[in-house]
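Below: the structure, in structure tokens.
The chains referred to below are lettered A, B, ... by the order of the sequence lines, with proteins before strands, and numbering in each begins at 1. These numbers were taken from a predicted model, which means no experiment stands behind them.
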Protein chains: 2
Amino acid sequence: MAIRPQARTDVNRSAILAHLGAHGPASRADLARALAVSPALMTQLTKDLIAEGLLLELEHSPSQGGRPARMLGLVSTAGRAVGVKVVADHVAFVEVGIDGTMVRSASEPFDASASTVLADLTMLLRRFIGGGGSAPLLGIGVGVPGSVDRQGNGLVDSTQLGWHQVPLGATLRRELALPVIVENNVNALAIAERLYGVGRQYENFLVVTIGTGVGAGIVVDGVVLRGSAGGSGEIGHIPVADDGPLCSCGNHGCLESFIGEASLVRVARGRGVIGQQSGISALRAAADADDAEATRIFSEAGHLLGRTLAGIVHTLDPEIVIVLGEGTAAWKHWSYGFEPALRSSLIPSRRGVAVAVETWQDESWAQGAAALVLATPFDADDVAGDQGRLVRERLVEQAAPQAGLEP
Amino acid sequence: MAIRPQARTDVNRSAILAHLGAHGPASRADLARALAVSPALMTQLTKDLIAEGLLLELEHSPSQGGRPARMLGLVSTAGRAVGVKVVADHVAFVEVGIDGTMVRSASEPFDASASTVLADLTMLLRRFIGGGGSAPLLGIGVGVPGSVDRQGNGLVDSTQLGWHQVPLGATLRRELALPVIVENNVNALAIAERLYGVGRQYENFLVVTIGTGVGAGIVVDGVVLRGSAGGSGEIGHIPVADDGPLCSCGNHGCLESFIGEASLVRVARGRGVIGQQSGISALRAAADADDAEATRIFSEAGHLLGRTLAGIVHTLDPEIVIVLGEGTAAWKHWSYGFEPALRSSLIPSRRGVAVAVETWQDESWAQGAAALVLATPFDADDVAGDQGRLVRERLVEQAAPQAGLEP
DNA sequence: TATTCTTTATTTAGTCCTGAACAAAGAGGT
DNA sequence: ACCTCTTTGTTCAGGACTAAATAAAGAATA
């Protein structure tokens with residue numbers, strides 16, 4: 001319950017770096033206010049960071065009625081991070097700079113059910129890292145569709161991948177000798193939203209993804225809620241009907257079994273909207289072409305999603321719901337059912353909850369995973385544990401040599 | 001994001017008091033471990049607290065292989081707190097000692113819809129306080145059925161009471177010149193569970209109340225989740241059907257409109273199980289007497305509750321669900337529907353989630369409210385804001401005179 | 001132009017807390 | 001009886017952080 005001050009300096013140092021990465025250059029006074037520390041401390045800390053080559057002083061910013069601020073910026077060569085998205089049939093990689101911008105990306109076929117998954121993934125990852133830039137690699141973030149017990153441990157359970165207690169984190173860490181942070185992919189996305197997206201302006205929000213599956217990342221007071229065993233946000237398995245299609249989890253009537261991509265395609269085929277070999281893109285094309293049945297399928301899905309999210313909004317009281325995922329490509333069609341269902345199911349005081357739908361890119365999942373690494377400096381509660389400490393150490397150590405601190 | 005160390009001493013001092021209140025006497029070494037501070041600091045802090053008359057050294061506890069521990073205990077006369085439960089037609093008061101044990105209680109008729117609510121409540125509260133013991137009154141905790149914007153502010157919105165932005169906290173504080181902490185009643189109960197109940201052993205749990213309404217208190221990492229505007233836990237208004245009875249919130253198909261006390265009674269009357277003038281106790285009596293229709297009504301309610309809670313468990317991943325409230329008197333009958341519905345709706349990895357049903361007393365709501373005051377010392381994140389600080393000050397100030405600290 | 005105000009940054013003295021060394025007090029084995 | 005081990009509690013030097021005073025640098029105003 002009490003506050004542990006031991007790791008404060010480290011946390012504050014890297015909070016500065018993360019803030020600059022997420023929000024761009026800022027003055028010492030800005031930083032002190034943003035991180036809620038005294039200006040005096042900020043002077044001290046930034047002096048060290050500048051001496052170590054991680055920060056540099058930029059131009060003076062024009063005065064706003066007082067002494068003009070000397071802006072501080074990140075030295076962009078101070079580090080990079082790699083993000084990995086793992087799904088059943090392929091893995092995607094991205095490399096990002098310390099400020100979160102994407103440098104390069106790649107995608108490789110992959111069989112998550114192979115007995116050699118861990119060796120395969122290690123190999124692919126090693127190859128991708130090898131082709132990287134010269135900036136020191138701070139760590140690897142891995143996003144998986146499933147629950148991750150302790151992040152520091154990286155034990156993965158995933159029905160989608162067919163994994164049960166797979167020691168992904170420990171293995172990669174040993175093989176690559178780098179900090180590795182494993183996290184549920186939607187939670188990773190929530191962290192990315194918090195750092196770089198709409199979530200910057202909110203402390204309490206919900207990230208909902210639609211696509212193959214349906215998931216949620218929950219941010220409460222600025223921190224991702226992981227639950228007792230990293231299993232929060234499994235909203236795809238919220239029961240929405242007593243009977244219903246069989247879900248991949250073995251139950252009947254889960255939300256995902258109604259509005260997951262597979263279900264939409266199945267229904268569309270059944271109703272003859274698309275051919276037996278066609279997929280979700282054909283259904284979207286049909287809806288785009290104003291096919292009444294196709295738009296109805298999306299609208300029905302939107303209705304069910306809206307009604308379910310109303311329940312979650314009542315439970316958690318977020319400021320905003322951010323919708324993401326491959327499925328947002330057809331959001332226009334979802335929204336006809338979604339908006340009325342959501343609003344009419346909310347109690348009056350909650351009816352105005354904001355909803356944002358963001359554009360989706362192929363690399364978004366992997367970029368979210370990379371954010372895991374770049375977010376660890378923010379991690380005042382030390383959720384990332386040892387791996388977070390290692391990332392911080394790498395960030396500082398690599399810069400020290402060029403500093404010449406010794407007298 | 002960074003850690004603010006200013007209020008640490010205060011927080012640590014009162015964390016000691018709260019820990020002793022919640023867990024009974026403990027040694028300095030125990031306290032240092034429990035609060036995650038150094039033994040050195042514990043020595044210092046307890047020295048001060050003993051000198052101020054808030055703590056006293058008890059007998060040595062028998063050695064367990066090393067130097068025997070000198071136990072420390074609270075001076076029980078160091079403070080008391082008053083808890084208030086507000087509902088539409090009456091208010092209930094309790095006075096508790098600093099260790100959370102109930103000293104006395106009272107209940108008064110009350111009209112929440114009167115134009116003079118605030119004056120009425122102030123008067124009743126003043127009368128109750130006047131009859132109290134001699135120990136210094138640390139503050140007043142008030143539990144209301146509705147959402148409370150900022151606790152420090154105490155602005156209440158409640159459909160059940162017909163209140164809209166009622167400045168309950170500010171008014172009581174001004175009139176009584178005491179720290180006042182206003183909170184949603186289920187959240188207050190969750191705090192009480194965390195301090196004194198089953199929740200002591202868990203960091204992530206759900207408190208669900210059934211009775212007139214249906215509500216939830218959510219505890220994440222040991223802290224009550226309040227949402228963006230204190231409106232979390234309104235699970236009574238989760239939509240469970242597209243059509244359904246009209247709910248007090250104006251929507252159709254809310255969970256509460258199916259399994260709230262009023263609904264159960266309405267259905268029972270409609271099916272001729274109980275007389276048109278009879279209430280919930282008659283329905284329970286019928287079920288106790290093995291009336292098939294009566295047991296079915298409870299079982300159906302249990303089914304719906306179980307299915308809905310499965311969704312919340314998927315969303316939040318708690319370790320345990322604690323069921324409380326007036327409705328638990330008939331839990332035996334609920335459980336026939338509840339258990340199968342809950343388990344069969346959960347994904348395999350979550351199927352073992354624990355469920356605890358606690359015995360319910362009339363004073364429980366008010367005792368939960370009193371816990372608001374006694375929990376403020378625990379409040380390292382300073383959620384209670386100014387009022388929390390005031391409680392701490394009163395706890396320390398009142399003891400100072402008898403200490404003779406001045407040299 | 002001189003004065004006042006506002007905002008930024010640094011220095012200084014002092015507080016809170018920790019780690020490490022040490023003292024205290026018993027259990028358990030020889 | 002004596003030594004070793006374990007656990008509790010205290011003392012002390014030092015680090016992290018703050019508040020307050022001060023300096024710096026320009027805007028606003030008269």
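The side chain to side chain contact (heavy atoms under 4.5 Å, CB included) check on A/Ile50 picks up A/Arg28, A/Leu55, A/Glu57, A/Leu72, with sequence neighbours excluded. When the side-chain hydrogen bond (donor to acceptor under 3.5 Å, both in side chains) test is applied to B/Gln44, no partner is found at least two apart in sequence or on another chain. Here A/Val198 pairs with A/Glu193, A/Tyr202, A/Ile320, A/Ile322, A/Glu358 under the side chain to side chain contact (heavy atoms under 4.5 Å, CB included) rule; sequence neighbours left out. Shown here are the side chain to side chain contact (heavy atoms under 4.5 Å, CB included) partners of B/Ala192, two or more places apart in sequence or in another chain: B/Ala371. Partners of B/Ala190 according to the side chain to side chain contact (heavy atoms under 4.5 Å, CB included) rule, which considers only residues two or more places apart in sequence or in another chain, are B/Val207, B/Val219, B/Val224.
Applying the salt bridge (charged side-chain N to carboxylate O under 4.0 Å, His left out) rule to pairs touching residues 60-72 of chain A yields nothing, sequence neighbours excluded.
With a 3.5 Å limit on both pairing distances and Watson-Crick or G-U wobble geometry required, the stems of 3 or more pairs in DNA chain D span C:1-30 with D:1-30.
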Side-chain donor/acceptor pairs under 3.5 Å, residues 33-43 of chain B, sequence neighbours excluded:
from	atom 1	to	atom 2	distance (Å)
B/Arg33	NH2	B/Asp30	OD1	2.8
B/Ser38	OG	B/Leu41	N	3.2
B/Thr43	OG1	B/Pro39	O	3.3

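Going from atom CG of A/Leu31 over to atom P of C/dT10 covers 12 Å, rounded to whole Å. In this structure, A/Asp48 places its CG atom 12 Å from P of C/dT10, rounding to the nearest Å. If you measure from atom CG of B/Leu35 to atom C1' of C/dC17, you get 14 Å, rounded to the nearest angstrom. Distance CD1 (A/Ile16) to P (C/dA9): 13 Å, rounded to an integer number of Å. In this structure, A/Leu72 places its CG atom 12 Å from C1' of C/dT8, rounding to the nearest Å. Rounded to an integer number of Å, the gap from B/Arg33 CZ to D/dG9 C1' is 12 Å. Per the geometry, CD belonging to B/Gln44 stands 19 Å off P belonging to D/dT8, to the nearest Å. When the C1' atom of D/dA24 is taken as reference, atom CZ of A/Arg70 falls 9 Å away, rounded to whole Å.
Looking at A/Arg226, its side chain does come within 3.5 Å of a backbone N or O of A/Val148 through a donor-acceptor pair. Judged by distance alone, with hydrogens and angles left aside, the side-chain atoms of A/Asn204 form no donor-acceptor pair with the main-chain N or O of A/Glu319 at under 3.5 Å.
Here C/dG19 is the nucleotide among C/dG19, D/dC17, D/dA19 with the atom lying nearest to any side-chain atom of B/Ala40.
Within the 4.0 angstrom heavy-atom criterion, only backbone atoms of the sugar-phosphate kind lie near B/Ala69; the bases stay farther away.
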When you compare the protein's N or O atoms with those of nucleotides 1-5 of chain D, which come within less than 3.5 Å of each other, and at what distance?
none

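Where A/Arg67 and A/Thr46 each meet DNA chain C at their nearest nucleotide, the meeting point lying more 5' is that of A/Arg67. Closest-nucleotide positions on DNA chain D for B/Thr43 and A/Ser38 were compared, and the one nearer the 5' end corresponds to B/Thr43. Between A/Met42 and B/Pro68, the one whose closest nucleotide on DNA chain D sits nearer the 5' end is B/Pro68.
For the pair B/Arg28 and D/dT10, the criterion of a side-chain N or O lying under 4.0 Å from OP1 or OP2 is met.
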